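Note that the structure is a prediction, hence the values are computed from the model and not measured. Hydrogens, waters and symmetry mates play no part in the numbers below; they use all other heavy atoms, side chains included.
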Amino acid sequence: GTDYIAYHIPELTHVYSAGNEQNSCGKRYFDATNYAKNIISVAAVDKFGAMTDFSSFGPLRDGRTFPIISASGKEVYSTVNAQKYIDMEGTSMSCPTVTGHLALLTQRWMQLHGGATPYNYFLKALIANTARDAGNVGPDYQFGFGILDGIAAVTALESNWYKLQTLERGGAPQTFSINVPAGVKELRVMLCWNDPVAEKEYADGECPLVNDLDLTVSAESTTYWPYTLDFKNPDAPAVATKKNAVDNIEQVVIKAPAAGTVTVEVAGVVKQEDKQPYAVVWYFDYQQPVLYAPLAAEVYAPSDEVYFRVENMKEPLRFELSFNGGETYLASKKPYKTRGKFRLPPTISPTDKALIRLTDAEGRVVQSDMFTVMSRVEDLQLQDASCETAGWKLAWEEAQGAAKYEILRAVVAEDRYEKIGEVNAPATEFAIPQANITNDRNIFAVRVVSASGLVGARSVGVLSEKNTAVVIKMED
């Protein structure tokens, strides 16, 4: 099965949806849909990081942690049939979000390691250990180890905050040191390995762990144990008072560690195979206030809803919006949380100097980089015809603040759009030159340009579904 493949082909990472069975059969917990131990199971949260009302909860029947991680899975803008887009929800939305991040992390690893592919148990530890804690402190049966944080994950990867080692059967415990810098608010260390598959039938609730490795971290005279969960009391917070005897992923967390050296020890029993490869990943969390969204140079349109997210700030927050680079601000009268949204005014002059500023309950301030507010073309229509390239035309609604419109055609093979023409406002039509209509997929879009040269986001593309004429030449 999956565990066998993951163990024998460690370059292949398996990511599964946690499922949408929350509260099935009247049970809040024990809704897990996959019992494999060498996979990454993904729960779904909403845009504000709250748990959804559908994402399946663990634990697994033997008490193992499920899910492993969470990601956005509600109101996800998605493609559907008939060249349309809609908001969708489900762990089938959050699972590809994690998979896409893993693909980017894999690409970055390969760039740094001569094209080599990272091991699945390393990637699993990398995203789980750098996840933003959510729900109960530490891992839990709803969010897993927390919400995916791609920036933290790539930071750990690029900083070489990991070790890949092998524990021999009958071998002594292995230790290494980590130098903790000053100012770290939390040190997180995680051990993960692909556990082999035993050829036996397991009883319901029997733990399938074969090679039981153990993680501890020592600092000065204190030994820190990994988190464990009580599957008989799934709402209870994780504790760190003993070894973890059921999971093949373990996490030790030290709050406010002193600057200096800590010792990581990996021990345990290898019962099957001659050796057990494993990964240890650590992360230094400084917990400084930081604003992750909106991002620099993003482009929004008037009346758009804009989502923001800050970390390590104390609620309530004071929210302010500027359209002139911070010279003046519009302040909201209502308090905000660390994850929220605001709606841009419906009438606003084009600007590339919009930004937001947030102040928390302790007076700490974060400010976004500047982003653009510029109208976007709506209701783009294509007039086309089968077996005929003459008379094709685009039409759209007039856009606020437009001085002209750029006409774009998709170059599908190169995954980009190219400009094929422009019209000055107030015109809202464009006759497509026959030379820009091919036997390939004909996809067109339009974007707004202001008098000062600001460019809005392109419209949703329109695809011609008409057949174009094909000329067949007979040659001797």
Side-chain angles (χ1 to χ4, degrees), residues 29-30 32 35 37-38 41 57-69 121 124-125 128-129 131 133-146 163 165 167 170-178 180 186-196 198 202-203 205-258 262-272 276 278-283 285:
Y29 287 96
F30 295 96
Y35 277 73
K37 54 190 174 181
N38 297 330
S41 48
F57 294 166
L60 302 180
R61 293 191 187 96
D62 49 60
R64 281 179 291 138
T65 301
F66 179 97
I68 295 299
I69 198 167
Y121 53 89
K124 183 176 179 179
N129 196 51
D133 195 21
N136 292 340
V137 174
D140 59 50
Y141 293 128
Q142 297 184 24
F143 294 85
F145 288 94
K163 271 194 178 294
Q165 301 276 56
L167 186 65
Q174 298 178 345
T175 62
F176 65 92
S177 296
I178 297 174
V180 181
E186 184 175 272
L187 169 64
R188 300 198 292 271
V189 183
M190 180 168 282
L191 166 69
C192 187
W193 69 98
N194 276 339
D195 199 46
Y202 288 94
E206 181 182 0
C207 179
L209 195 63
V210 177
N211 292 340
D212 184 10
L213 306 190
D214 298 307
L215 173 69
T216 55
V217 180
S218 300
E220 299 177 329
S221 59
T222 303
T223 297
Y224 295 88
W225 294 90
Y227 280 126
T228 57
L229 291 164
D230 181 2
F231 74 98
K232 296 179 181 179
N233 186 13
D235 274 320
V239 298
T241 57
K242 59 183 179 180
K243 66 171 284 183
N244 184 328
V246 297
D247 292 302
N248 59 329
I249 182 168
E250 303 182 1
Q251 185 183 51
V252 171
V253 174
I254 303 177
K255 303 286 187 180
V262 301
T263 301
V264 177
E265 179 178 288
V266 177
V269 179
V270 178
K271 298 178 181 178
Q272 188 169 311
Q276 176 62 63
Y278 65 84
V280 175
V281 174
W282 59 93
Y283 186 72
D285 194 343

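By the ring-ring contact (aromatic ring centres under 6.0 Å, His included) test, Tyr278 pairs with no residue at all, sequence neighbours left out. In this structure Lys243 satisfies the salt bridge (charged side-chain N to carboxylate O under 4.0 Å, His left out) test together with Asp212, Asp214, sequence neighbours excluded. Taking the salt bridge (charged side-chain N to carboxylate O under 4.0 Å, His left out) definition, one finds that Glu206 meets it with Lys200, sequence neighbours left out. For the side chain to side chain contact (heavy atoms under 4.5 Å, CB included) test, residues two or more places apart in sequence or in another chain that qualify with Pro234 are Tyr29, Pro59, Tyr141. Applying the salt bridge (charged side-chain N to carboxylate O under 4.0 Å, His left out) test to Asp133 and every residue at least two apart in sequence or in another chain returns nothing.
For Asn194 (side chain) and Pro196 (main-chain N/O), no donor-acceptor pair under 3.5 Å exists by modelled atom type. For the pair Lys37 (side chain) and Asn248 (backbone), a donor-acceptor distance under 3.5 Å is absent. Proximity of a side-chain donor or acceptor of Asp140 to a complementary backbone N or O of Ala238 within less than 3.5 Å is not detected.
With no hydrogens or angles considered, a side-chain donor-acceptor pair links Gln251 and Asn129 at under 3.5 Å. Side-chain N/O atoms of Gln276 and Asn211 include a donor and acceptor closer than 3.5 Å.
Looking only at side-chain heavy atoms (C-beta outward), Tyr35 and Arg61 come within less than 4.5 Å of each other. Ile69 is not listed as a side-chain neighbour of Phe145, based on a closest heavy-atom distance of 4.5 Å or more. Residues Phe176 and Val264 meet the side-chain proximity criterion, which asks for heavy atoms closer than 4.5 Å. Within the 4.5 Å cutoff, side-chain heavy atoms of Thr216 are placed close to those of Trp225. Using a 4.5 Å heavy-atom cutoff, the side chains of Thr65 and Ile249 are not in contact.
Residue Phe143 comes nearest to Ala134 through the heavy atom pair CD2-CB, 3.5 Å, listed as atom of the first residue, atom of the second, then distance. Shortest non-hydrogen contact noted between Val281 and Ala125 is CG2-CB, 3.8 Å. For the residue pair Ser41 and Pro67, the shortest heavy atom distance occurs at OG-CA, 3.3 Å. Across Val280 and Val266, no two heavy atoms sit closer than the pair CG2-CG2, 3.9 Å. Across all non-hydrogen atoms, the minimal contact from Cys192 to Lys124 is SG-CD, 3.7 Å. Between Val246 and Asp62, the shortest heavy-atom distance links the atoms CG1-O, 4.1 Å.
For residues 217-241, every residue pair satisfying the salt bridge (charged side-chain N to carboxylate O under 4.0 Å, His left out) rule, not counting sequence neighbours, is listed here: Arg28-Asp235.
Between Tyr224 and the options Leu215, Val189, Ile254, a side chain to side chain contact (heavy atoms under 4.5 Å, CB included) holds for only Ile254.
A distance of 11.5 Å separates CD in Gln165 from CG in Leu191, rounded to the nearest 0.5 Å. Atom CG in Leu167 sits 5.0 Å away from atom CD in Gln174 (nearest 0.5 Å). Distance check: Tyr283 OH to Leu187 CG gives 11.5 Å after rounding to the nearest 0.5 Å.
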Determine whether Trp193 and Glu250 satisfy the following criterion, side-chain contact (heavy atoms from CB on, under 4.5 Å), listing intermediate values before the conclusion.
CA-CA 10 Å; Trp193 69 98; Glu250 303 182 1; 4.0 Å; yes

